[in-house]
2 protein chains.
Amino acid sequence: MLLSPSQENYLKAIYKLQEDDGIATNQALAAMVEATPASVTNMLRKLTDTGFVEYEAYQGATLTSAGRNQAVALVRKHRLWEVFLVDKLQYDWDAVHALAEELEHIGGDELINRLDAFLGHPGFDPHGDPIPNAKGVVRARQHAIAASEASVGGTFVVCGVKDSSSLFLQHLDKLNIALGKAYTLKECLEFDRSAVWTEQGGACTNVSNEVAKNVLIQLTDA
Amino acid sequence: MLLSPSQENYLKAIYKLQEDDGIATNQALAAMVEATPASVTNMLRKLTDTGFVEYEAYQGATLTSAGRNQAVALVRKHRLWEVFLVDKLQYDWDAVHALAEELEHIGGDELINRLDAFLGHPGFDPHGDPIPNAKGVVRARQHAIAASEASVGGTFVVCGVKDSSSLFLQHLDKLNIALGKAYTLKECLEFDRSAVWTEQGGACTNVSNEVAKNVLIQLTDA
DNA sequence: TAATTTTTTTAGCCCAAGCTAAAACCAAGC
DNA sequence: GCTTGGTTTTAGCTTGGGCTAAAAAAATTA
């Protein structure tokens with residue numbers, strides 16, 4: 001079965017919503033694919049007919065296993081193209097999403113597996129999100145927690161972000177926060193829960209709680 | 001003005017037809033974009049309205065300068081992606097056309113200029129066709145002639161093909177003919193105009209006239 | 001439970017890009 | 001100068017993906 005770019009986007013949206021909310025409401029989908037709820041109903045019908053989605057009126061949508069396979073394949077393509085754009089074409093990490101969104105609909109397994117090999121089978125994309133392998137297996141991130149959960153005195157490495165909007169990523173750039181960097185949580189202010197991080201051998205940064213909640217870290221015991 | 005992939009394909013088709021036939025008939029265009037002549041008429045109207053095509057009923061289509069710019073940009077994108085697929089992803093030269101056809105509609109100047117830089121500003125694609133630069137300037141191939149024009153005893157280097165169909169390219173593979181290789185034209189048979197080429201320091205190949213007409217060469221005086 | 005709000009669906013419409021079949025046009029050939 | 005054959009255009013239809021506005025269903029609140 002062959003899917004249009006639009007249909008692929010719906011599958012990916014359902015997949016993402018299921019991942020975190022558990023449930024893909026019509027309205028949430030509409031926001032995600034930038035269409036009206038009415039259009040979503042339409043499309044869910046079609047995807048049900050072609051066997052990618054399980055759906056009954058008013059009950060929300062879930063993916064069939066065929067649908068999930070498609071969605072995971074798309075996520076794989078998206079993330080590999082992001083790696084390509086950042087690693088090879090020197091794009092900034094906040095500028096690749098839209099392009100990857102276009103590229104992910106091109107070609108089939110052959111292309112993406114060759115791209116994967118060319119990039120050296122990367123495990124993570126430029127935002128720290130794991131890249132599903134050719135079989136569709138996604139390894140979850142290891143012991144990642146939100147930076148807002150760290151305790152004073154703890155050390156950690158930044159390994160991902162929850163929000164990968166351009167706006168947020170650029171903000172992290174300004175704070176000098178990047179994937180792979182190590183920090184110590186110096187203190188956490190009672191007043192607004194903002195925190196002070198010191199970079200290994202260097203500068204201090206003041207990190208608002210709002211930011212910390214969207215940064216993923218791994219604790220280190222050094 | 002923003003063009004759909006389909007519209008871009010029409011512009012490219014008109015450009016190609018103008019290049020060799022001089023004139024882009026409705027019928028030829030239909031064959032090229034895989035649509036009916038009626039659909040072509042439709043689209044030519046639209047492209048005329050948006051200022052990319054000059055067109056009056058029954059008179060055939062020509063590109064405006066805006067249209068030509070678009071077309072050249074597309075050719076550039078197409079050929080750069082072909083270089084990427086062959087050089088970086090190790091595709092065979094006969095397998096890249098369809099993929100490049102998809103990739104050429106992605107992104108804008110930024111992407112393609114970065115790709116160009118990443119590839120080292122190549123001058124030619126894997127079939128020997130010249131790649132227009134960022135300004136849209138296409139350098140014509142230097143003194144290239146069809147191999148069928150060579151004279152017995154002459155030496156030459158293969159620098160391009162006229163037919164870049166998968167079928168033809170695979171045939172050249174079987175004959176051990178590739179871009180950049182040097183040959184001497186040993187003899188040309190009266191009977192069917194087929195020729196015998198000897199590779200520098202190596203094997204003989206028997207090349208039919210039909211093949212020779214579709215291979216481009218540069219004469220060498222060594 | 002009843003009333004109200006929110007969410008989803010239905011109904012009917014639009015637009016892009018294609019199609020077929022029939023009509024109009026052009027270019028020869030007699 | 002007319003007829004004929006090929007090409008191009010017109011007219012009207014189809015399909016995919018969207019939209020709005022109104023109706024229906026579900027969820028929330030009183």
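Just so it is clear, the structure is predicted and the values come from calculations on it, not from any experiment. The sequence lines fix the lettering, A, B, ..., with proteins before strands; numbering per chain opens at 1. Computed over heavy atoms, backbone and side chain alike; hydrogens, waters and symmetry mates excluded.
Of the residues in residues 24-32 of chain A, A:Thr25, A:Asn26, A:Gln27 come within less than 4.0 Å of DNA chain C through at least one heavy atom, sorted by number.
Counting only distance, with no hydrogens or angles, the side chain of A:Ser166 and the backbone of A:Asp94 share a donor-acceptor pair below 3.5 Å. With A:Gln218 contributing its side chain and A:Gln142 its backbone, the two residues share a donor-acceptor pair below 3.5 Å.
Contacts of B:Thr36 with the nucleic acid, taken as non-hydrogen atoms under 4.0 Å apart, include base atoms. Residue-level contact check: A:Ser6 touches the backbone only, with heavy atoms under 4.0 Å from sugar-phosphate atoms and none from bases.
From the 5' end on, the contacts that DNA chain C makes with chain A at under 4.0 Å to a non-hydrogen atom open and close at C:dT7 to C:dT10.
Per the geometry, CG belonging to A:Leu47 stands 13 Å off P belonging to D:dG16, to the nearest Å. Taking atom CG of residue A:Asn9 and atom P of nucleotide D:dG16, one finds them 18 Å apart after rounding to whole Å. Separating the CE atom of A:Met1 from the C1' atom of D:dG16 is a distance of 13 Å, rounded to the nearest angstrom. In this structure, the CD atom of A:Gln7 is 12 Å from the C1' atom of D:dT15, given to the nearest Å. Atoms OH (B:Tyr58) and P (D:dG6) sit 17 Å apart, rounded to a whole Å. As rounded to whole Å, 18 Å separates atom P of D:dT15 from atom CZ of A:Arg45.
In summary, the side chains of A:His105 and A:Asn9 do present a donor paired with an acceptor at a separation below 3.5 Å, with no hydrogens or angles considered.
OP1 or OP2 of D:dG18 has not a single side-chain nitrogen or oxygen of A:Ser39 nearer than 4.0 Å.
Below 30°, between 30° and 60°, or above 60°: for A:Phe84 and A:Trp81 the angle between ring planes is above 60°, a perpendicular geometry. Ring-plane geometry between A:Trp197 and A:Phe156 is classed as perpendicular, the angle between the planes exceeding 60 degrees on a 0 to 90 degree scale with a lower cut at 30.
Interatomic distance, CG of B:Leu74 versus CG of B:Asn69, reported as 11.0 Å (0.5 Å rounding). In this structure, the separation between CE on B:Met1 and CD on B:Gln7 is 7.5 Å, given to the nearest 0.5 Å.
A cation-pi geometry, defined here as NZ or CZ lying under 6.0 Å from the six-membered ring centre and within 45° of its normal, holds between A:Lys88 and A:Phe118.
Ranked by how close their nearest DNA chain D nucleotide is to the 5' end, A:Lys46 and A:Gln59 are led by A:Lys46. In terms of position on DNA chain D, the residue among A:Ala57 and A:Val33 whose nearest nucleotide sits closer to the 5' end is A:Val33.
Salt bridge present: A:Arg114 and A:Glu110 bring a charged side-chain N and a carboxylate O closer than 4.0 Å.
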